[in-house]
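Worksheet: the structure to be examined is printed underneath.
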Amino acid sequence: MSFPSSLLDPEVAVNPYPFYQRLRTEDPVYWDEKMQVWVISRYADVVALAHDPRMSGIPPQNPTGEPRHQVLQKLTNNLVMFTDQPDHTRLRGLMEKAFNPRVDGVRERVQQVADSLIDAVADRGRMEVMRDLAVPLPLTVQSEFIGVPMSDSMQLTQWQAGLADFVFFTSFTPSTKENDRRTLQNLLALTDYFRPLIEQRRKEPKDDLITALVYAEEEGDYLSQQEALISSIVLTMGSFLSITVALANCVLGLCRNPDQMQKLQDQPALLESAVEELLRYESQVQFSPRRANKDFEMHGQLIRKDQIVIVGLGSSNRDESRFSNPDQLDITRADNRHLAFGYGPHGCIAARLARLHLRIAISTLMRRLKELHLETDDLVWNGAPMFRSIESLPVTFAMK
Ligand code: HEM
């Protein structure tokens, strides 16, 4: 059997970890021919590159000067992930001013919704974790947090899914006109949705994130209309998509390691350490995409200006030179400085909010359910090398 040569190979989508391990050992700076990107796989290199000024946001154009993707170009301006210092510091600072003070306010609501979702499946003895918990929990809480009516949130997730598919998958494969057209349509639908909402909040402020973004101020500086718009879209996308996938991956990690789940049920004080370990063990964001802004050499490879470098978070989290027995889930793991939320200036803006959801959801499951088992081991992974997610997660359980 031949070993895979690309992150796009189907067996890597199911289980990328053996491929990463070989890259870390033999090819720590690897040219993935199919994706046309450099793959960085070692923890120490990923950490070093996070603060390296030779790394920029994803490119608006390829080395020939042509727009790499019309869609990327439209997204590039004002999107926090794609900006560099000093613009990034300013934009992120204003976003944090709006976002951070609101986070702790959702705690009670997360608990309430988690309990009501478990109530709804209690008599059945089975649930599909995505449909019954991981999707509706953040959708309900975060719709209120952001300030969009719950009745619109399913439509928003559909437009966002189209955009996410592009960001995590299609943008690394040869583009088709049809693909670009569909992605642009989704982006347009989202901007058409949020633009009037932002205008309305400017006139009639409410107690929600959109209002907070409109009015966020730092020494007389505010987000421009376009910045508030793109920030609303990206924060909604993170809210609806990222927490869902992380929660499903955490439940999967526990179900596949029943001894660790038992330990957590016996010792609830291990909750925080367990959530960190589950994030390390099955990280949904497998890579941070960057662009080299000048030629440079790394481990004997010449990385050229404007080439894309994808920085391996999932691989770093399984790096044997940083974590002992990295392929083992150990909810008591000490010194667990994983990279599931990224690292450096672009590290996740919402890590505290995400942790809050995950801790409450997992502790509610552990407190109220027992005998939680996967209904099938035949799980379907989404196949996107950048963002690792399962399609559905059916489980059986008994109530305590
Ligand atoms: C468990 C859930 C989550 C995980 C694992 C996660 C992971 C990440 C990672 C790895 C990055 C770094 C990307 C990079 O370096 O290119 C990131 C950045 C980001 N995340 Fe999250 N995220 C989560 C939840 C959220 C949520 C709920 C939101 C929004 C409410 C969010 C919004 C963002 C934003 C805006 C950035 C860009 C920050 C910047 O470029 O300065 N994330 N996230």
Side-chain angles (χ1 to χ4, degrees), residues 40 46-47 49-52 55-58 75-76 78-96 98-100 102-103 106 110 134 137-139 141-148 160 164 167-168 171 208-210 212-213 227 230-251 253 275-276 278-291 308-317 338-362 386-389:
I40 309 294
V46 168
V47 166
L49 285 180
H51 289 280
D52 194 318
M55 293 280 104
S56 276
I58 227 38
L75 270 172
T76 300
N78 311 309
L79 180 57
V80 67
M81 281 104 167
F82 294 168
T83 47
D84 294 337
Q85 315 286 20
D87 298 345
H88 175 260
T89 313
R90 174 193 160 266
L91 179 56
R92 174 146 175 161
L94 284 165
M95 288 172 75
E96 283 182 350
F99 193 85
N100 290 349
R102 311 190 64 78
V103 170
V106 302
V110 177
L137 176 65
L139 209 64
V141 177
Q142 292 302 111
S143 297
E144 296 163 7
F145 178 85
I146 294 157
V148 293
Q160 288 171 348
V167 173
F168 295 122
S171 64
D208 60 26
L209 180 67
I210 296 182
L213 285 167
E227 287 167 341
I230 297 292
S231 300
S232 301
I233 293 174
V234 76
L235 291 172
T236 311
M237 222 164 136
S239 292
F240 290 174
L241 190 71
S242 302
I243 298 173
T244 294
V245 175
L247 181 51
N249 286 357
C250 285
V251 176
V275 167
E276 295 312 305
L278 289 161
L279 283 163
R280 179 195 71 84
Y281 183 73
E282 199 64 274
S283 310
Q284 77 229 47
V285 183
Q286 291 281 307
F287 292 94
S288 294
R290 299 285 185 266
R291 168 178 64 101
I308 297 175
V309 180
I310 61 170
V311 178
L313 306 175
S315 174
S316 295
N317 284 342
H338 63 73
L339 305 182
F341 288 112
Y343 186 83
H346 286 281
C348 185
I349 199 169
R352 200 153 61 83
L353 178 83
R355 285 186 163 111
L356 187 151
H357 278 77
L358 295 177
R359 287 173 188 166
I360 293 176
I362 298 291
M386 308 294 286
F387 193 75
R388 184 163 165 77
S389 161

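Counting convention: from 1, in listed order, for ligands and their atoms alike.
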Any Phe99 heavy atom less than 4.0 Å to ligand 1: yes
Donor-acceptor contact present, side-chain Arg388 to main-chain Glu282, <3.5 Å: no
Considering all heavy atoms, the nearest Ala340-Ser283 contact: CB-OG, 3.9 Å
Arg92 with Glu96: basic N within carboxylate O range, under 4.0 Å: yes
From Arg355 atom CZ to Ile362 atom CD1, the distance as rounded to the nearest 0.5 Å: 14.0 Å
CD1-OG distance between Ile210 and Ser231, expressed to the nearest 0.5 angstrom: 11.5 Å
Given Leu279, Val285, Val311, Asn317, the one that forms side-chain contact (heavy atoms from CB on, under 4.5 Å) with Leu339: Asn317
Nearest neighbour of atom 12 (C) of ligand 1 from the list His88, His346, Glu96, on a heavy-atom basis: His346
Per-atom contacts of ligand 1 with Leu235, taking only distances under 4.0 Å to non-hydrogen atoms: 29 (C), 30 (C)
Nearest-0.5 Å distance, CD1 of residue Ile40 to CZ of residue Phe287: 10.0 Å
Ser231 touching ligand 1 at heavy-atom level, < 4.0 angstrom: no
Any Arg355 heavy atom less than 4.0 Å to ligand 1: no
Any His357 heavy atom less than 4.0 Å from ligand 1: no
Point-to-point distance, once rounded to the nearest 0.5 Å, from CD of Gln284 to OG1 of Thr244: 9.0 Å
Within-4.5 Å side-chain heavy-atom neighbours: Val80 and Met95: yes
Min side-chain heavy-atom separation Asp208-Ile146 under 4.5 Å: no
Nearest non-hydrogen protein atom, atom 1 (C) of ligand 1: Ala246 CB, 3.3 Å
Value rounded to 0.5 Å, distance of CD in Gln142 from NE2 in His357: 4.0 Å
Per-atom contacts of ligand 1 with Ile243, taking only distances under 4.0 Å to non-hydrogen atoms: 27 (C)
From the candidates Met81, Arg290, Met55, Arg352, the one that places a heavy atom nearest atom 16 (O) of ligand 1: Arg290
Whether Phe145 and Phe99 hold their rings parallel, tilted or perpendicular, with breakpoints at 30° and 60°: perpendicular
Proximal ligand 1 atoms for Pro345, defined as those under 4.0 Å from one of its heavy atoms: 41 (O)
Spatial distance of atom CG (Asp84) from atom NE2 (His346) [nearest 0.5 Å]: 6.0 Å
Protein residue, atom and distance nearest to atom 7 (C) of ligand 1, heavy-atom basis: Ala340 O, 3.5 Å
Under-4.0 Å heavy-atom contact with ligand 1, by part of Leu313 that carries it: side chain
Per-residue contact class, Gln284 against ligand 1 - non-hydrogen pairs under 4.0 Å: side chain
Closest heavy-atom pair and its distance - Val245, Ser389: CG1-CB, 3.6 Å
Shortest protein heavy-atom distance from atom 13 (C) of ligand 1, along with the residue and atom involved: Ser288 OG, 3.9 Å
Closest approach of any protein heavy atom to atom 38 (C) of ligand 1, naming residue and atom: Arg92 NH1, 3.3 Å
Check: Ser239 N/O within less than 3.5 Å of ligand 1 N/O: no
Atoms of protein origin (N, O or S) under 2.8 Å from atom 21 (Fe) of ligand 1: Cys348 SG
